[in-house]
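Below is one structure; the comments refer to it alone.
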Amino acid sequence: MAKMFPSIISPDVASQAEKTLYYLFSSHLPNDYMVFHSVAWQSRSEIYGTRDGEADFVIIHPRLGILVLDVKGGVNNYGGENDIWLQRGHITVKPYHV
């Protein structure tokens with residue numbers, strides 16, 4: 001079982017998708033994985049200044065590296081003619097970054 005941080009997901013988490021993934025990571029990943037839920041971060045740029053953000057999950061493995069996940073629940077749609085992604089009818093970020 002993966003080492004989970006925090007060890008129990010907060011009852012205040014509203015996202016069913018995050019709750020589901022938390023359970024799946026904790027019960028299916030081997031012992032050498034560490035999974036951090038709801039990790040705060042900050043970035044700074046000349047245009048936007050300092051911004052706060054949050055990664056839904058940061059998964060760490062000593063040999064395989066680090067994976068940062070932003071969880072999207074519900075239905076996502078792709079508008080190919082405009083190269084946009086929609087979630088519940090609103091434009092959202094691309095589900096991948098190159």
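None of the values given here were measured: they were computed from a predicted structure.
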query: Do the non-hydrogen side-chain atoms of His61 and Asp32 ever get within less than 4.5 Å of each other?
result: yes
Lys3 (side chain) donor-acceptor with Val35 (main chain) under 3.5 angstrom
no
Is the closest side-chain heavy-atom distance between Tyr33 and Ile60 below 4.5 Å? no
- Message: Any donor-acceptor pair under 3.5 Å linking the side-chain atoms of His37 with those of Asp56?
- Response: no
CD1 of Ile59 to CG of Leu64, rounded to nearest 0.5 Å, is 11.0 Å
Rounded to the nearest 0.5 Å, the CG atom of Leu24 sits from the CG atom of Leu29 at a distance of 9.0 Å
Apart from Ile47 itself, members of its ILVMFWY cluster (side-chain separation under 4.5 Å) are Tyr48
Practice problem: List the steps and the verdict of side-chain contact (heavy atoms from CB on, under 4.5 Å) for Tyr22 and Val13. | Solution: CA-CA 11 Å; Tyr22 185 97; Val13 173; over 6 Å; no
For this session: Please examine the side chains of Val58 and Leu67, heavy atoms only from C-beta on, and report whether any two atoms are closer than 4.5 Å.
Result: no
Rounded to the nearest 0.5 angstrom, the CD-CZ distance for Glu18 and Phe25 is 10.5 Å
Practice item. Assess whether side-chain contact (heavy atoms from CB on, under 4.5 Å) is satisfied between Val71 and Phe57, documenting all intermediate values. Key: CA-CA 8 Å; Val71 177; Phe57 290 96; 3.6 Å; yes
Do Ser26 side-chain atoms and Tyr23 backbone N/O form a donor-acceptor pair below 3.5 Å? yes
Residues at least two apart in sequence or cross-chain that pass ring-ring contact (aromatic ring centres under 6.0 Å, His included) with Phe5, listed by chain then number, are Phe36
* Asked: With distance as the sole criterion, is a donor-acceptor pair present between the side chains of Thr50 and Gln42 under 3.5 Å?
  -> no
Any heavy-atom pair between the side chains of Ser27 and Met1 that's under 4.5 Å? no
- prompt: Are Met4 and Met34 joined in one hydrophobic group, where the rule is that I, L, V, M, F, W and Y side chains link up if heavy atoms are under 4.5 Å apart?
  reply: no
